[in-house]
J.: 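Take this structure first; my questions come after.
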Amino acid sequence: MAKYGEGDKRWIVEERPDGANVHNWHWAETDCLPWSKMFFTKSLSDLTILDGQGNLRIKTKKVEKVDGEAYVNIRKGKVIPGYEISLSVSWEGEAKDGEGKTLLKAEGNLEIPYISDENADEDPEVKVTVKDEGPIGKALKEAMLAKGKPLVLEKVRDFVQAMAKGGPVKDELEAKKSAPKTNTTTSNSNSTAVSKEKVGVEKEPKKELEKEGKKGFKTITMSEKFNCRAKDMYEILMDENRWKGFTQSNARISKEVGGQFSIFDGSVTGINLELQEGKLIAQRWRFGSWPDGIDSTVRLVFNEPEPGVTIIKLTHSDVPEEDRYGNATVVENTERGWRDLIFNKIRAVFGFGI
């Protein structure tokens, strides 16, 4: 096991000459809601439920709506899906007598109000309604519940599995895994120049940004509420084992002022500047993809207006607008990381949501 701070490659943030977003907290987010709509439209439209059994014919018509949000984060090749969606499917049924005469044609709706990554291992609630509430209409509804619900849940499980594999970026991930690795080692500067001619002009790391007047830097502020005591949130944010739990990545965290920390598999490193248990965490933060010599300051102020309710005020200052390769998404990605990969994950894992 490597000792903390000794420069073992497992903890050092590597630099990529191609400027790829490898260590920007190791995530690249893809909006998967359009893909989710296509997935359910394809799998749940014109789906035969009963085809004459018990003199009943039932099938789905079309997916009326898929609402909510769905995304996939990719960090160090690891797929981290996130989704909270609801869907509605229209269906139709027909009941006949023993002689084949139609007794009733009815229409209805099937709704799944909540499909979430937090409950990926559980089947969601399914609601079935029918427009004709007479005896035959109710019989069609019961048949739709008994026979249609299992088929629909099977498609939902297919969706959950597909998202776990990357959803719309699955093929891209597999292509990257199977792509041959290129040899980046060159014997001299001439061979380096030749390789650049072959693969095209590469992005060069940006020089250190000037901090005079704070040009090129931004400050991120957030106020987040949690159902817990302030000391509980403080302990979670300062405990490396809990960080490993809710981020699913390696973390090393000193609990002493002046001590070092490394989170998100070493993508973020820094030093504790000021610590007041249950009240304040002040740290120096640095991302591996930032220009050399650039550090930011994080201040997390804990306030407990009433027992069991904690408000955290985040101030993340001196965040550069661009990384060393000129990508101007640093502020946006950092803000999203605090919200989605830290605060929302803590709510989900520890049950502190409001």
Side-chain angles (χ1 to χ4, degrees), residues 30-72 79 81-171 344 347-348 351 353:
T30 300
D31 180 10
C32 298
L33 187 58
W35 176 86
S36 301
K37 292 179 178 179
M38 292 178 59
F39 181 95
F40 284 117
T41 297
K42 182 178 179 180
S43 60
L44 292 178
S45 298
D46 295 319
L47 179 65
T48 298
I49 308 300
L50 288 174
D51 192 18
Q53 299 92 325
N55 295 323
L56 300 178
R57 295 182 183 275
I58 300 175
K59 72 169 188 175
T60 62
K61 295 172 64 178
K62 65 177 182 177
V63 175
E64 301 291 341
K65 67 175 182 178
V66 177
D67 292 334
E69 64 175 0
Y71 58 86
V72 165
V79 177
Y83 47 90
E84 290 184 355
I85 60 177
S86 62
L87 64 87
S88 176
V89 181
S90 57
W91 62 275
E92 61 184 8
E94 181 181 10
K96 296 184 177 182
D97 62 17
E99 298 178 355
K101 181 180 178 180
T102 298
L103 298 175
L104 177 70
K105 289 185 177 180
E107 295 182 343
N109 199 53
L110 180 146
E111 291 187 8
I112 302 181
Y114 191 65
I115 304 172
S116 169
D117 61 288
E118 296 178 14
N119 304 316
D121 57 345
E122 302 175 8
D123 287 335
E125 178 187 10
V126 177
K127 299 179 180 180
V128 175
T129 59
V130 65
K131 293 180 179 179
D132 189 319
E133 288 288 350
I136 299 178
K138 288 183 178 180
L140 287 168
K141 173 184 173 181
E142 294 300 322
M144 180 64 181
L145 270 171
K147 300 296 183 180
K149 178 179 175 180
L151 292 178
V152 171
L153 288 177
E154 180 181 341
K155 304 301 181 184
V156 172
R157 287 190 286 269
D158 290 343
F159 168 79
V160 170
Q161 294 175 5
M163 284 291 288
K165 294 178 181 179
V169 299
K170 174 178 178 290
D171 293 339
N344 285 346
R347 289 189 180 98

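Computed from heavy atoms alone, side chains included, the values below leave out hydrogens, waters and symmetry copies.
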J.: Quick one: which residue pairs count as a side chain to side chain donor-acceptor pair (under 3.5 Å) with a foot in residues 133-160, not counting sequence neighbours?
T.: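 Found Asp123-Arg157.
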J.: If I take atom CG from residue Asp97 and atom CG from residue Leu104, how far apart are they, to the nearest 0.5 angstrom?
T.: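 Here the interatomic distance stands at 12.5 Å.
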J.: What residue among Val128, Val130, Leu50, Val126 forms side-chain contact (heavy atoms from CB on, under 4.5 Å) with Met144?
T.: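 The option that passes is Val128.
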J.: Report the distance from atom CG of Asn55 to atom CD1 of Ile136, rounding to the nearest 0.5 Å.
T.: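 Going from the CG atom of Asn55 to the CD1 atom of Ile136 covers 11.0 Å.
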J.: If I compare all heavy atoms of Asp132 with all of Gly134, which pair ends up nearest, and what's the gap?
T.: OD1-N, 2.8 Å
J.: Taking all non-hydrogen atoms of both residues, which atom of Val72 and which atom of Gly166 are closest, and how far apart?
T.: CG2-O, 3.8 Å
J.: Scan the side chains in residues 110-118 for donor-acceptor partners under 3.5 Å anywhere in the protein, sequence neighbours excluded, and list what turns up.
T.:
unit_1	atom_1	unit_2	atom_2	d
Glu111	OE2	Asn109	ND2	3.2
Tyr114	OH	Glu84	OE2	3.3
Tyr114	OH	Ser116	OG	3.4
Ser116	OG	Glu118	N	3.1
Asp117	OD1	Tyr83	N	3.1

J.: Decide yes or no on side-chain contact (heavy atoms from CB on, under 4.5 Å) for Leu87 and Leu44, but give the supporting numbers first.
T.: CA-CA 10 Å; Leu87 64 87; Leu44 292 178; 4.2 Å; yes
J.: Excluding sequence neighbours, so at least two apart, what forms side-chain contact (heavy atoms from CB on, under 4.5 Å) with Asp46?
T.: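 Checked Asp46 against side-chain contact (heavy atoms from CB on, under 4.5 Å); matches are Lys59.
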J.: Just jot down the salt bridge (Lys or Arg N to Asp or Glu O under 4.0 Å) partners of Asp51, sequence neighbours excluded, or say none.
T.: Arg57
J.: Just jot down the ring-ring contact (aromatic ring centres under 6.0 Å, His included) partners of Phe39, sequence neighbours excluded, or say none.
T.: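 For Phe39, the residues satisfying ring-ring contact (aromatic ring centres under 6.0 Å, His included) (neighbours in sequence not counted) are Trp35, Phe159.
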J.: Closest heavy-atom contact between Thr60 and Ser45?
T.: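 Smallest heavy-atom distance, with atoms named: OG1-C, 3.7 Å.
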J.: Sequence neighbours excluded and cut-off under 3.5 Å, please list the side-chain donor-acceptor pairs for residues 61-70, or say none.
T.:
unit_1	atom_1	unit_2	atom_2	d
Lys61	NZ	Glu107	OE2	3.1
Glu64	OE2	Ser90	OG	2.8

J.: So, do Pro124 and Leu153 sit near enough that their side-chain heavy atoms are less than 4.5 Å apart?
T.: yes
J.: To the nearest 0.5 Å, tell me how far Gln53 CD sits from Ile58 CD1.
T.: 9.5 Å
J.: Write down the atom of Val169, the atom of Thr30, and the distance for their closest heavy-atom approach.
T.: CG1-OG1, 3.5 Å
